There are 2 protein chains.
Amino acid sequence: METINEQQIWNVYLRNCPCRDVLDLLANKWTALMMGALRTSPHRFGELRRAVEGISQKMLTQNLRTLERDGLVTRTVYPTTPPSVEYALTDMGREVSGYLVALSDWSQRNFSEITAARQDYDAKTEIQADGKAIPVAV
Amino acid sequence: METINEQQIWNVYLRNCPCRDVLDLLANKWTALMMGALRTSPHRFGELRRAVEGISQKMLTQNLRTLERDGLVTRTVYPTTPPSVEYALTDMGREVSGYLVALSDWSQRNFSEITAARQDYDAKTEIQADGKAIPVAV
DNA sequence: CGGGATCCGGTCGGATACTG
DNA sequence: CAGTATCCGACCGGATCCCG
């Protein structure tokens with residue numbers, strides 16, 4: 001006996017599908033980096049902040065709360081002095097983190113090729129702009 | 001003979017790594033949906049607009065230009081009357097679109113579980129807030 | 001250490017109007 | 001049909017100050 005394929009209910013391509021909110025949360029630079037860092041191992045707040053360089057305390061807190069609320073991350077408080085708080089992925093979080101690190105890794109691997117594509121594009125559109133090429137030399 | 005593992009140069013976790021821009025582009029709700037639609041087949045502008053319900057013409061154009069510039073999407077103009085323009089994925093675009101649809105699909109599949117997690121979280125934090133449960137009934 | 005609260009500039013993104 | 005241009009409100013996200 002199998003569970004009936006219960007869900008093609010939600011469709012992100014539809015205008016008012018509520019599951020777009022989830023995609024919106026996941027498709028976010030900071031979320032991808034945070035989940036990627038947590039995928040390595042659980043992190044304390046400060047560790048996470050250092051792991052994801054440049055993230056502000058506000059964005060870190062905000063996204064952590066949302067991820068916790070959505071059941072992707074757990075928050076455990078150890079009543080030491082000073083208190084320490086550990087964030088870890090849930091099973092659901094671990095699953096989706098795979099897709100997110102895939103995106104990060106891809107960005108790193110393909111950056112040079114993308115940079116090349118940009119230069120090509122910019123060179124061509126500059127020529128088109130006023131009908132003549134712009135000399136690179138001074 | 002193998003190509004030397006030429007690239008661990010770029011690291012999205014570092015503060016000023018330029019490849020973060022790429023991640024920023026990809027980790028975007030509209031990008032994910034557009035790439036997902038294009039993955040099925042090439043689309044004309046209007047088709048794409050209808051496929052990704054609710055996207056404004058401005059965002060569609062803007063993201064298409066960026067994706068084209070980054071070499072993830074091609075733009076082909078057929079000089080018919082009225083003119084028709086076709087957008088399609090490049091090889092690089094097709095590759096990354098896989099990761100993006102994985103995110104979309106995951107959002108759809110897990111939406112109900114996430115909703116449940118949210119309700120749990122909200123119920124608990126409401127109780128914590130002022131020390132007593134808030135009755136649901138009117 | 002792990003946050004909460006607030007101020008504020010910048011950009012995201014929708015709505016509308018116009019073009020070839 | 002496939003855009004460009006502009007206005008404008010919303011919120012994203014950083015900086016700063018504060019607390020237990």
Side-chain angles (χ1 to χ4, degrees), chain A residues 12 14-16 20-21 23-34 37-38 42-69 73-88 121 125 128-131, chain B residues 12-16 20-21 23-34 37-38 42-69 73-88 121 125 128-130:
Chain A
V12 286
L14 298 184
R15 186 181 302 264
N16 291 328
R20 273 198 179 175
D21 294 346
L23 180 59
D24 218 1
L25 165 67
L26 299 177
N28 168 318
K29 178 179 62 178
W30 294 132
T31 299
L33 294 175
M34 290 166 56
L38 288 178
H43 281 64
R44 295 182 52 181
F45 188 87
E47 290 173 350
L48 201 48
R49 172 135 74 153
R50 284 184 295 276
V52 181
E53 285 195 5
I55 191 170
S56 68
Q57 171 272 330
K58 177 181 171 181
M59 283 302 100
L60 186 53
T61 303
Q62 200 169 95
N63 284 324
L64 279 173
R65 288 289 169 276
T66 306
L67 291 170
E68 187 195 357
R69 185 169 108 100
V73 160
T74 62
R75 175 177 186 269
T76 311
V77 182
Y78 297 101
T80 57
T81 46
S84 93
V85 180
E86 191 174 79
Y87 293 93
Y121 183 92
T125 51
Q128 304 279 47
D130 54 359
Chain B
V12 285
Y13 294 95
L14 298 183
R15 187 182 302 265
N16 291 327
R20 273 199 179 175
D21 295 345
L23 181 58
D24 217 1
L25 165 66
L26 298 179
N28 170 317
K29 178 180 62 176
W30 293 132
T31 300
L33 294 176
M34 288 165 56
L38 288 178
H43 281 65
R44 295 181 52 180
F45 188 86
E47 289 173 351
L48 200 49
R49 169 129 83 149
R50 283 185 295 275
V52 181
E53 285 195 5
I55 191 171
S56 68
Q57 169 274 333
K58 177 182 171 182
M59 284 301 101
L60 186 54
T61 302
Q62 201 170 92
N63 284 324
L64 279 172
R65 288 290 168 278
T66 306
L67 291 170
E68 186 194 358
R69 184 169 109 101
V73 160
T74 60
R75 176 176 185 269
T76 311
V77 183
Y78 298 101
T80 56
T81 46
S84 93
V85 180
E86 191 173 79
Y87 293 93
Y121 183 92
T125 51
Q128 303 279 46
D130 54 1

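In this text, all values refer to a predicted model and were calculated from it rather than measured experimentally. To find a chain, count down the sequence lines: A is the first, B the second, and so on, and within it residues start at 1. Values reported hereafter were calculated over all heavy atoms of this structure, with side chains retained and with hydrogens, waters and symmetry mates removed.
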Under a 4.5 Å cut-off applied to non-hydrogen side-chain atoms, are A:Tyr78 and A:Arg44 in contact? no
Within this structure, what is the CD-to-P distance between B:Gln62 and C:dC12, rounded to whole angstrom? 7 Å
Donor-acceptor contact below 3.5 Å, side chain A:Asn63 vs main chain A:Met59: yes
Hits for side-chain contact (heavy atoms from CB on, under 4.5 Å) against B:Pro42, two or more places apart or cross-chain, chain-then-number order -> B:Glu86, B:Ala88
To 10°, what angle do the rotation axes through the five end pairs on each side of the helix from C:dC1-D:dG20 to C:dG20-D:dC1 form? 40°
Selection residues 47-58 of chain A - residue pairs positive for side-chain hydrogen bond (donor to acceptor under 3.5 Å, both in side chains), sequence neighbours left out: A:Gln57-A:Thr61
Residue whose nearest DNA chain C nucleotide is more 5′ - A:Asp24 or A:Leu64: A:Leu64
Please state how far atom CD in B:Glu68 lies from atom C1' in D:dG3, giving the value in whole angstrom units. 13 Å
When every nucleotide of nucleotides 4-9 of chain C is labelled 5' to 3' by its protein contacts under 4.0 Å (heavy atoms), B for base, S for sugar-phosphate only, - for none, what sequence of letters results? BBBB--
Check against side chain to side chain contact (heavy atoms under 4.5 Å, CB included), A:Leu64 and A:Phe45: CA-CA 10 Å; A:Leu64 279 173; A:Phe45 188 87; 4.1 Å; yes
Contact check, residues 43-56 of chain A vs DNA chain C, heavy-atom distance under 4.0 Å, returns A:Arg44, A:Phe45, A:Gly46
Starting at CG of A:Asn63 and ending at C1' of D:dC11, how long is that distance when rounded to a whole Å? 14 Å
Length of the line joining A:Leu60:CG and D:dG13:C1', which is rounded to integer Å: 13 Å
Is the shortest side-chain N/O distance from A:Tyr87 to OP1 or OP2 of C:dG3 below 4.0 Å? yes
Mind checking the CG-CG spacing from A:Asn28 to B:Leu23? Nearest 0.5 Å is all I need. 9.0 Å
Using whole Å, report how far CG of A:Asn16 lies from P of C:dG14. 13 Å
Derivation of the side chain to side chain contact (heavy atoms under 4.5 Å, CB included) call for B:Leu60 and B:Leu48: CA-CA 8 Å; B:Leu60 186 54; B:Leu48 200 49; 4.0 Å; yes
Per A:Met59 side chain, nearest of listed nucleotides D:dG14, D:dA2, C:dG3: D:dG14
Stepwise, does the side chain to side chain contact (heavy atoms under 4.5 Å, CB included) test hold for A:Lys29 with B:Val12? CA-CA 10 Å; A:Lys29 178 179 62 178; B:Val12 285; over 6 Å; no
Partner residues of B:Thr66 under the side-chain contact (heavy atoms from CB on, under 4.5 Å) criterion, sequence neighbours left out: B:Leu25, B:Asp70
Hey, what do you get for CG (B:Asp21) to CG (B:Leu26), rounding to the nearest 0.5 Å? 11.0 Å
I need the CZ-C1' distance between A:Arg20 and C:dG14, as an integer number of Å. 14 Å
A:Met34 and A:Val73, any side-chain heavy atoms less than 4.5 Å apart: no
To the nearest Å, give me how far apart CG (A:Asn28) and C1' (C:dT11) are. 15 Å
